[in-house]
Amino acid sequence: MSREAAELLAAARAQLAARRLSAAEELYSRFIARCPPGAGRDLATALNDRGQIKYFRVEFAAAVEDYTAAIECQPGFEVPYYNRGLVLYRLGCFDEAMKDFRKVLELNPQFEDAALSLKQAILDKEEKQKRGY
């Protein structure tokens, strides 16, 4: 990765950590647009983090797009599966959410939040079915 790209990514992370979401999103977008070939994990992380910003803003469709792009970029990276699963869960798409949570656990069996989220999605799906929704 070039020095400029590394600096962009570091600056984006710092802005996100400081909860300056607009600045972080702009920096992540610049990094993503300029991302060099072969930057797999860094690109996937940037996409995932930009998805988080969109999630914080309750822009769920846009967040899912970034999480999906991160997954396509780095299929072995469990975090965007988890984050996408959370959005899908919130939208009531329990089957899709459970699929993502199961994928997380396949990639990282020690991911406790994914295990808890999977259990909750199963319970909520059953409750939804009992109520006839």
Side-chain angles (χ1 to χ4, degrees):
M1 178 181 345
S2 73
R3 182 174 179 225
E4 179 186 356
E7 288 173 357
L8 263 177
L9 189 56
R13 288 176 176 157
Q15 293 297 320
L16 181 57
R19 290 290 197 235
R20 294 187 200 104
L21 301 182
S22 293
E25 182 178 15
E26 191 270 328
L27 291 166
Y28 278 122
S29 293
R30 284 176 45 202
F31 175 82
I32 291 163
R34 297 177 185 171
C35 202
R41 185 63 175 237
D42 289 328
L43 176 58
T45 299
L47 286 161
N48 180 74
D49 291 352
R50 190 175 70 177
Q52 282 296 102
I53 293 166
K54 293 172 182 179
Y55 176 81
F56 293 150
R57 291 186 180 142
V58 195
E59 298 171 3
F60 292 149
V64 167
E65 286 178 18
D66 276 352
Y67 297 143
T68 300
I71 290 164
E72 289 169 356
C73 178
Q74 196 78 17
F77 184 24
E78 73 272 17
V79 176
Y81 286 103
Y82 176 72
N83 289 332
R84 186 174 70 180
L86 289 176
V87 173
L88 294 168
Y89 171 83
R90 286 196 64 187
L91 294 173
C93 302
F94 299 121
D95 289 330
E96 294 91 343
M98 290 185 295
K99 181 179 175 186
D100 277 348
F101 296 143
R102 285 185 178 109
K103 182 65 175 181
V104 172
L105 294 169
E106 175 187 314
L107 294 169
N108 180 357
Q110 305 307 314
F111 201 126
E112 291 181 30
D113 286 343
L116 292 171
S117 295
L118 175 59
K119 287 177 187 175
Q120 190 62 53
I122 291 168
L123 290 172
D124 289 350
K125 179 184 176 185
E126 290 172 356
E127 183 63 28
K128 182 179 175 182
Q129 289 171 332
K130 285 179 189 174
R131 293 181 182 205
Y133 295 138

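Numbering starts at 1 and runs along the sequence shown.
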Establish whether Leu91 and Met98 are linked, either directly or via other cluster members, by ILVMFWY side-chain heavy-atom contacts under 4.5 Å.
no

Hits for salt bridge (charged side-chain N to carboxylate O under 4.0 Å, His left out) against Glu4, two or more places apart or cross-chain, chain-then-number order -> Arg34

Verdict with reasoning, Tyr81 to Val79, per side chain to side chain contact (heavy atoms under 4.5 Å, CB included)
CA-CA 5 Å; Tyr81 286 103; Val79 176; over 6 Å; no

For a side chain to side chain contact (heavy atoms under 4.5 Å, CB included) check, start with the C-alpha distance between Gln15 and Tyr28, then their side-chain angles and the critical distance, and finish with the verdict.
CA-CA 10 Å; Gln15 293 297 320; Tyr28 278 122; over 6 Å; no

Can you tell me how far the CG atom of Asp95 sits from the CD1 atom of Ile122, to the nearest 0.5 Å?
10.0 Å

side-chain contact (heavy atoms from CB on, under 4.5 Å) partner of Phe77, the single match among Thr45, Asn108, Leu47:
Thr45

Do Phe111 and Phe101 sit in one hydrophobic cluster, given that two such residues count as connected whenever their side-chain heavy atoms are within less than 4.5 Å of each other, even indirectly?
yes

Do Val58 and Leu88 land in one hydrophobic cluster if side-chain heavy atoms of ILVMFWY residues count as linked below 4.5 Å?
no

Restricting to non-hydrogen atoms, name the atom on Ala12 and the atom on Ala24 that form the minimum distance, rounded to 0.1 Å.
O-CB, 3.7 Å

I need the Asp49 CG to Leu27 CG distance, nearest 0.5 Å.
12.0 Å

Kindly write out the residues that satisfy side-chain hydrogen bond (donor to acceptor under 3.5 Å, both in side chains) with Glu7, not counting sequence neighbours, or none if the list is empty.
Arg3

Counting only pairs under 3.5 Å, give me each side-chain donor-acceptor contact of residues 113-121, with atom names and distances, residues two or more places apart or in other chains.
| unit_1 | atom_1 | unit_2 | atom_2 | d |
| --- | --- | --- | --- | --- |
| Ser117 | OG | Asp113 | O | 2.9 |
| Gln120 | NE2 | Asp124 | OD1 | 2.9 |

Of all residues at least two apart in sequence or in a different chain, which pass the side-chain hydrogen bond (donor to acceptor under 3.5 Å, both in side chains) check with Arg131?
Glu127

Identify whether NZ of Lys or CZ of Arg in Arg50 sits under 6.0 Å from the centre of the six-membered ring of Phe31 and within 45° of that ring's axis.
no

Can you name the residues that form a salt bridge (charged side-chain N to carboxylate O under 4.0 Å, His left out) with Arg57, not counting sequence neighbours?
Glu25

Criterion side-chain contact (heavy atoms from CB on, under 4.5 Å) against Asn48, the qualifying member of Asn83, Leu43, Asp66
Asn83

Any idea which heavy atoms bring Lys54 and Ala62 closest together, and the distance?
CD-CB, 3.6 Å

Arg30 and Glu26 ion-paired at < 4.0 Å
yes

For Glu112, I'd like to know if atom CD has over 12 heavy atoms of other residues, nucleotides or ligands within 6.0 Å.
no

Say you draw a straight line from CG of Leu123 to CZ of Phe94; how long is it, rounded to the nearest 0.5 Å?
10.5 Å

Within this structure, what is the CG-OH distance for the pair Leu107 and Tyr82, rounded to the nearest 0.5 Å?
15.0 Å

Does Val87 share a hydrophobic cluster with Ile71, counting links as ILVMFWY side-chain heavy atoms below 4.5 Å and allowing steps through other members?
no

Answer yes or no: is there a donor N or O on one side and an acceptor on the other, between the side chain of Tyr55 and the main chain of Arg84, under 3.5 Å?
no

Would you check if Leu105 and Arg102 make a side-chain contact, meaning some heavy-atom pair closer than 4.5 Å?
no

Is it true that Glu106 and Lys103 have a side-chain N and a carboxylate O under 4.0 angstrom from each other?
yes

Testing the basics here: between Ala97 and Gly85, what is the closest heavy-atom pair and its distance to 0.1 Å?
CB-O, 3.4 Å

Quick one: does Tyr67's side chain have a donor or acceptor within less than 3.5 Å of a partner on Gly51's backbone?
yes

Checking Arg41 now: which residues fulfil side-chain hydrogen bond (donor to acceptor under 3.5 Å, both in side chains) with it, not counting sequence neighbours?
none

